[in-house]
Amino acid sequence: MGYRYFGSCRKFTKHVSVTNFHIVNFPFHSRSRQPCSFLHSTTSIGSPPSLRALHGHYFKKGSLQILNSANYLLTLYVKSSNLDHAHKLFDEITHKNTQTWTILISGFARAAGSSELVFSLFREMQADGACPNQYTLSSVLKCCSRENNIQFGKGIHAWILRNGVGGDVVLENSILDLYLKCKEFEYAESFFELMIEKDVVSWNIMIGAYLREGDVEKSLEMFRNFPNKDVVSWNTIIDGLIQCGYERLALEQLYCMVAHGTEFSPVTFSIALILVSSLSLVEVGRQLHGRVLTFGLNSDGYIRSSLVEMYGKCGRMDKASTILKDVPLNFLRKGNFGVTCKEPKARMVSWSSMVSGYVWNGKYEDGMKTFRSMVCELIVVDIRTVATIISACANAGILEFGKQIHAYIQKIGLRIDAYVGSSLIDMYSKSGSLDDALMIFEQIKEPNVVLWTSMISGCALHGQGKEAISLFEGMLNLGIIPNEVTFVGVLNACSHVGLIEEGCRYFRMMKDTYHINPEVEHYTSMVNLYGRAGHLIEAKNFIFENSISHFTSVWRSFLSSCRLHKNFNMGKSVSEMLLQSAPSDPDAYILLSNMCSSNHQWDEAAIVRSLMYQRGVKKQPGQSWVQLKDQIHSFTVGDRSHPQDKEIYSYLDSLIGRLKEIGYSLDAKLVMQDVEEEQGEVLISHHSEKLALVFSIINTSPRTPIRIMKNLRICNDCHNFFKYASQLLEREIIVRDTHRFHHFKQSSCSCGEYW
DNA sequence: ATAGGGTTAG
């Protein structure tokens, strides 16, 4: 498994490491009965055209005024998601009864974006003299809880109390859900306590609500103490744990579920597939796939989309593509309404997972092609799906593709909300175009904390510390409450430009004013802040005062600072700790070895390197890529596979010569001791970013900025090389490495020599 | 008729 850029990961880090995770056979029960009986019980009713024929027939006979026939037809329209036709038929019915109103209201209540219609229908219903029953009320309540309309919901609750319709467990569950979704927890809890009859749904609602709030302990306790768990209870707890970031706990619960003898539902499969793909348990994923096929569940659109995502994340795009295209033939013919109404959504998700999958796997051209065929096949994407794709582009740093999607959004007239806005800002700033990011930021009408945070983090990434801070202050002035992610951005911004006092002040503000417990990112940023400024003793004290010496990223940052400030004694005394706590982290060895080399301790550097090889620790191969028109050109060190190979190498040689004339020198010691490369042959002159640079020079017009992405930190020599190149060629060179952007201009770099 | 399946920022 190679390293990839994951949309869900923090910064440009590698995928979660699961090397110490045992792959075991998934303990499915062999005595499984029909796991998903409802798939077989779905009634098969005619397709929409035949419904319209039936409608015409009834209309001619005048039997639409016979309520039973009219209501029956109305039900058929609603069940087949033909809400427009249902509404027209509804208007034709002159004498409506409670059932007529209820069928239409519950139909619209299930659909998204029709809440206003539901509320007005409900008012008309009462004005018409029809009395709402429990079904009507639950439907309207569902609508309220989805739209967070507590006002209208409370009105209904009051109406229920006034009219004494209460006491029904289903209705009370709807009320409970409403208060929980609207975050009125105290009231909801006492309501739950006072419910005379609680069923499994009531418990599931409570457990799900605690998980949405991130209260894992409370929900787990409730879940464990509840004896009558059903499959939804398990699904709720497993999915909730995943959402809260407790993937392993979720997997544990999945195994418990099997041990408990609870059969999987289609939802379980869907959740389980996403879970195993985020843990990279490919083998378990394949077993699940087999199980899905055994049960004939591959016709479920949601399951197919989870399979596409799983294979995409495992790098098996071939498999993902097969699943995307192999829609079972019997599927559309079956006229299975339960499935059809979900199908467009599921198709959309599958296609977008496919696009993101290609991007994650570095197959950008395939990603773009897939996106284009998706548009050609008239698959409508919603705003949130687009956000996912843009986020994948952001992590890959593929500006051109991101721009195309941005253009597509504008073309189809999707309103750019805070969701898509944040992903666009992230995409533009991670692709090196901070100006475009700022432009988006200014366009968004309803900003939220995520939007501000993406802009702040974008500035931090480009070393624009002052701008990040003024944005942050502006956000506070608007009364937007920062969260832990916002502070990561602010602290990073401070550390990138050495604003120690401000950084310390914001760190205190985070703890004291906003009561946010610092996480490893905040601590690392603080250590970076002190270390970069040369306050190594403060950094070390900070590490011990906060008992954060078990975090490897903290030591990594500290070691970088030791190297920067040439404090070798300090560096060596901590590097052992780093090696101990992270014996399989290649960066630890490289940092230590580089530091020894810089201090002319060649023997020690060699020892560190051989230790690394002995322990089987492998450095991830360096890779740089640039985008030219529609194509991504990717290079590894000493790469000779590019069609323009000869041209690139001869230009590179002459460029090295010309740069040497203006002062560039290749540090011989660095060449000898360079451990960035493990191939034995020293190829520092042919590092991937140099190849990418030369390729761009050859293929683009003079003076246009060059943007290069790299999956590792840029090395000392390349950094130096690029500075001279920017001077000689009078071009701006923008390099994104794993930590930040470097803007090379007129022989200097925006990072101020610290990275 | 009530609960559960992909959703932006580190």
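Predicted, not measured: the structure shown is a model, and the values here were computed from it. Letters go in sequence order (proteins before strands), and every chain restarts at 1.
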Worksheet item: Can you check the N517(A) CG to dG10(B) C1' distance for me, whole Å?
Response: 16 Å
Item to complete: Kindly indicate whether the side chain of N235(A) and the base of dA3(B) share any N or O donor-acceptor pair separated by less than 3.5 Å?
Response: no
Worksheet entry | Between dT8(B) (P) and F441(A) (CZ): distance, integer Å | 19 Å
Practice prompt. Round to the nearest Å and state the distance from Q243(A) atom CD to dG5(B) atom C1'.
Written response: 10 Å
Worksheet item: Atom CG of N228(A) to atom P of dA3(B): distance rounded to whole Å?
Response: 20 Å
Worksheet item: Hey, is the side chain of N492(A) pairing donor to acceptor with the base of dG10(B) inside 3.5 Å?
Response: no
Item to complete: For V232(A), report the nucleic acid contact type (base, sugar-phosphate, nothing); a contact means any heavy atom under 4.0 Å.
Response: base
Worksheet item: Can you tell which of dA3(B), dG6(B), dG10(B) lies closest to the side chain of E521(A)?
Response: dG10(B)
Worksheet entry | Candidate nucleotides dA1(B), dG6(B), dG10(B), ranked by approach to the side chain of R110(A) - the nearest | dA1(B)
Practice prompt. Could you check whether K181(A) gets within reach of a base, just the sugar-phosphate, or nothing at all, counting any heavy atom under 4.0 Å?
Written response: sugar-phosphate
Worksheet, complete the sentence: Out of dG10(B), dT2(B), dG6(B), minimum distance to the side chain of M348(A) belongs to dG6(B)
Worksheet item: What's the CZ-P distance between F472(A) and dA9(B), to the nearest Å?
Response: 19 Å
Worksheet item: Hey, mind stepping through Y408(A) and F371(A) against ring pair (Phe, Tyr, Trp, His ring centres under 6.0 Å) and telling me if it holds?
Response: CA-CA 10 Å; Y408(A) 172 76; F371(A) 185 75; 5.3 Å; yes
Worksheet item: Could one point to a donor on the side chain of S174(A) or the base of dT2(B) with an acceptor on the other under 3.5 Å away?
Response: no
Worksheet entry | F191(A) ring center near H157(A) ring center (under 6.0 Å) | yes
Fill in: Y419(A) six-ring centre to R384(A) NZ/CZ under 6.0 Å and within 45° of normal
yes
Worksheet item: When you measure from the side chain of E309(A), which nucleotide among dA1(B), dG4(B), dG6(B) comes out closest?
Response: dG6(B)
Item to complete: For residues W203(A) and F192(A), establish whether the separation of their ring centroids is below 6.0 Å.
Response: yes
Worksheet entry | Nucleotide of dT2(B), dG5(B), dA9(B) approaching I271(A) most closely (side-chain heavy atoms) | dG5(B)
Worksheet item: How close or far is atom P of dT7(B) from atom CZ of R415(A), stated in whole angstroms?
Response: 20 Å
Practice prompt. Establish, yes or no, whether a centroid distance under 6.0 Å links the rings of F472(A) and W452(A).
Written response: no
Practice prompt. Specify the separation, in whole Å, of atom CD of E484(A) and atom C1' of dA9(B).
Written response: 10 Å
Worksheet entry | Euclidean distance, atom CZ of residue F226(A) to atom C1' of dA3(B) [Å, nearest integer] | 11 Å
Worksheet item: Can you find a donor-acceptor pair, distance only, under 3.5 Å between T385(A) side chain and dG6(B) base?
Response: yes
Worksheet item: Hey, is the side chain of S265(A) pairing donor to acceptor with the base of dG4(B) inside 3.5 Å?
Response: yes
Worksheet item: Between dG6(B), dG5(B), dA9(B), which nucleotide gets closest to the side-chain atoms of P266(A)?
Response: dG5(B)
Worksheet item: With a 4.0 Å cut-off on heavy atoms, is A209(A) in touch with a base, just the backbone sugar-phosphate, or nothing at all?
Response: nothing
